[in-house]
There are 2 protein chains.
Amino acid sequence: MTETAPRPTLEAVAARAGVSRATVSRVVNGGDGVRESLVERVRQAVDELGYVPNQAARSLVTRRHDAIAVVIAEPETRVFADPFFAMQLRGISKELTAHDSQLVLLLTEGRADHARVGRYLAGGHVDGALVFSLHLDDPLPGLIQRAGVPTVFGGRPCWSEGTRASGPTVYVDCDNRGGAREAVRHLVGLGRTRIAHITGALDQTSAVDRLDGFRDVMVDVDRRLIVESDFTPGGGERAMRELLDNCPDVDAVFAANDLTAYGAMKVLREEGLRVPEDVAVIGFDDMLPVAEQTEPPLTTVRQDIEEMGRLMARLLLRGLDRRSVRDGIGGAPSSVILPTTLIHRASA
Amino acid sequence: MTETAPRPTLEAVAARAGVSRATVSRVVNGGDGVRESLVERVRQAVDELGYVPNQAARSLVTRRHDAIAVVIAEPETRVFADPFFAMQLRGISKELTAHDSQLVLLLTEGRADHARVGRYLAGGHVDGALVFSLHLDDPLPGLIQRAGVPTVFGGRPCWSEGTRASGPTVYVDCDNRGGAREAVRHLVGLGRTRIAHITGALDQTSAVDRLDGFRDVMVDVDRRLIVESDFTPGGGERAMRELLDNCPDVDAVFAANDLTAYGAMKVLREEGLRVPEDVAVIGFDDMLPVAEQTEPPLTTVRQDIEEMGRLMARLLLRGLDRRSVRDGIGGAPSSVILPTTLIHRASA
DNA sequence: CCCGACGGTGAGAGCGCTCCCAGTACCGCG
DNA sequence: CGCGGTACTGGGAGCGCTCTCACCGTCGGG
């Protein structure tokens with residue numbers, strides 16, 4: 001807790017370098033159109049004084065903040081169990097850093113926080129927002145778009161009634177449905193016939209899409225082979241038990257994510273069933289710490305989470321740049337669906 | 001990506017309410033010393049116009065930002081495997097929200113980023129900083145303290161030579177050493193005699209402190225019973241293998257954290273050893289998703305991670321408040337060591 | 001030889017807000 | 001009735017920066 005010293009201003013640098021404020025400003029912002037000898041002199045003055053621009057003053061006139069908000073709306077404890085957000089954040093952070101922007105993190109739980117987030121975003125503190133983890137009937141996306149902040153969503157947002165915004169929605173997602181299809185087809189190719197699906201939390205589009213992918217392949221599937229769950233290991237355990245009770249002849253499981261698969265495999269082991277001999281298991285996400293640690297290692301659908309984060313940031317920043325050059329070349333950025341890959345390990 | 005509308009200014013609100021800018025400002029900042037009827041009128045004008053103060057303009061004059069930086073310096077991928085940071089962040093976020101402050105997240109990897117972080121903090125963008133995950137010989141803490149930003153560290157920082165700052169250092173940590181002692185004593189109480197320790201990454205004080213705690217109890221321990229590791233599940237596996245090779249008679253393991261314990265238990269199971277009958281295992285952290293999912297459920301030393309985060313934020317904010325009231329009552333806040341609790345589950 | 005063009009440079013006007021200080025109205029009291 | 005307070009309220013300066021625009025010198029072309 002040291003005392004902060006008063007910081008030198010542009011004026012001070014100008015005085016020391018024997019030039020005007022305007023010239024120093026030009027140098028600090030790139031130095032275009034300033035004689036080389038002067039640039040040098042100003043640079044030196046900046047160094048000597050340890051000058052750092054005052055961001056508040058700068059924002060006041062430029063109306064830019066070089067900061068974007070990351071909103072994670074996760075009322076549950078899933079955030080902890082799941083390295084998902086950490087990886088996305090890492091990707092976002094990298095991209096923003098490269099663009100000299102800051103990351104303002106807004107964690108919310110419960111609706112009460114929504115108003116606060118809406119107010120903050122509307123307050124023009126940031127240039128844009130990256131929004132995650134939306135659930136059905138969540139008023140947040142509507143709130144945010146109404147706040148007029150450029151936004152990119154992580155995962156296809158689902159709109160609750162009437163909150164649907166007018167403008168185009170930009171989001172980044174992976175090909176949940178296609179990935180699921182590939183996983184299930186792999187199980188079919190293995191000769192499995194009683195293939196089950198443990199779903200994710202169905203108030204999220206990712207879970208719904210994966211279920212749809214499962215259904216695409218297993219058209220007339222026995223209803224009891226689809227068990228609703230919630231993306232957690234505990235949920236996976238419960239679902240697997242229910243599955244074994246109802247369909248003891250199940251010979252393959254496609255779980256909505258790796259954590260769920262982990263829970264399911266735990267139950268299978270407890271029940272003395274071998275993976276993959278008796279029951280083949282496939283997960284989703286390829287969360288390394290989980291997928292590689294299971295016994296046997298988990299076959300799973302890989303999505304590049306960090307890349308998704310990076311892409312979201314890039315899309316947002318590109319949109320901001322474009323806007324600032326008065327809608328230059330090309331239209332607004334549009335959504336991106338990243339491909340998935342099936343990673344073959346031992347569990348299927 | 002909607003277009004942002006021009007936002008109303010104080011002036012506009014003043015005009016609408018038929019008062020002066022100063023009065024509106026007073027109302028917006030609490031409304032003390034303004035006639036009730038006027039307050040009402042101004043409030044209404046604010047609502048009608050949807051006025052939100054311009055933070056940049058405000059910061060420019062007040063020199064406060066209502067934002068604090070959270071610096072996570074984690075070059076490795078540990079961040080992903082470990083819900084640790086997510087939980088701390090949650091705690092910090094809660095506390096900051098309650099104080100109307102924003103959280104600026106600075107993720108760094110590698111020394112190159114350090115300069116950037118130093119520059120950012122020195123740039124006076126935030127009122128203070130919360131810094132995590134320091135390793136030995138890390139120049140970051142020195143850099144930060146020299147930047148003159150009020151800082152609270154997460155975990156006892158270790159200073160590399162010569163970077164030690166002059167002022168007092170404030171940090172929040174749990175009682176790593178005491179917790180370790182309690183765990184090991186518990187194993188002793190169970191009648192175990194060949195008690196091993198798998199350490200964490202010894203370039204972090206938490207790992208060193210836990211090792212010290214182990215040594216406090218196991219004074220003349222067989223050197224081979226201490227195996228250096230790195231806080232990861234994979235590291236735990238390797239360490240456990242080494243342990244079994246060198247000391248097949250080991251009958252208890254105190255692992256530096258739950259993840260390591262998990263890896264160790266995996267190897268024990270593979271080797272056909274029963275937990276806790278043949279080898280008792282204790283972890284550290286009580287990371288719920290891990291500790292409750294192991295087989296058998298893990299006995300571990302619990303630290304309240306979210307509370308640590310919250311406390312760090314509270315300490316920092318308190319320091320800032322105090323400073324602003326010109327060093328009012330009491331001195332600067334000092335470090336806090338939180339107690340740990342041994343959670344008895346089935347593994348020991 | 002004059003004029004316009006052109007690369008540099010500096011003066012000055014704000015950006016939207018807070019805060020100091022001067023001003024106004026109204027009260028009670030001598 | 002006037003005076004000193006008390007309780008508000010408004011005017012204005014100025015936070016540190018960017019950006020427009022006027023200005024200066026230099027150069028080339030007519």
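Naming convention: chains lettered A, B, ... in sequence-line order (proteins, then strands); numbering from 1 in each chain.
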Undergrad: Just the rounded figure in Å: distance from P of D:dA7 to CG of B:D32.
TA: 14 Å
Undergrad: To the nearest 0.5 angstrom, please state how far the CG atom of A:L106 sits from the CG atom of B:L105.
TA: 11.5 Å
Undergrad: Got A:I92 and A:R310 here, is their nearest side-chain heavy-atom distance under 4.5 Å?
TA: no
Undergrad: Between A:R90 and A:E306, is there a salt bridge with N-O shorter than 4.0 Å?
TA: no
Undergrad: Take the C1' atoms of the five end pairs on each side of the helix from C:dC1-D:dG30 to C:dG30-D:dC1, get both axes, and report the angle to 10 degrees.
TA: 60°
Undergrad: Please list, chain by chain and in numerical order, all residues satisfying salt bridge (Lys or Arg N to Asp or Glu O under 4.0 Å) with B:R156, sequence neighbours excluded.
TA: B:D209
Undergrad: Atom CZ of A:R41 and atom P of C:dG8: how far apart are they, to the nearest Å?
TA: 15 Å
Undergrad: Taking the side chain as every heavy atom from C-beta outward, state whether A:I68 and A:L130 have any atom pair closer than 4.5 Å.
TA: yes
Undergrad: Quick one: salt bridge (Lys or Arg N to Asp or Glu O under 4.0 Å) partners of B:R116, sequence neighbours excluded?
TA: B:D113
Undergrad: Could you run through nucleotides 13-24 of chain D and give me one letter per nucleotide, 5' to 3': B if any protein heavy atom sits under 4.0 Å from the base, S if only the sugar-phosphate is that close, - if neither?
TA: B-BBBBB-----
Undergrad: Could you work out, with ring-ring contact (aromatic ring centres under 6.0 Å, His included) as the rule, every residue matching A:H125, not counting sequence neighbours?
TA: A:Y120
Undergrad: How long is the line joining CG of A:L38 and C1' of C:dG7, in whole Å?
TA: 13 Å
Undergrad: Which pairs with one or both residues in residues 45-60 of chain A pass salt bridge (Lys or Arg N to Asp or Glu O under 4.0 Å), sequence neighbours excluded?
TA: A:R16-A:E48
Undergrad: Any side-chain N or O of B:T23 under 4.0 Å from OP1/OP2 of D:dT9?
TA: no
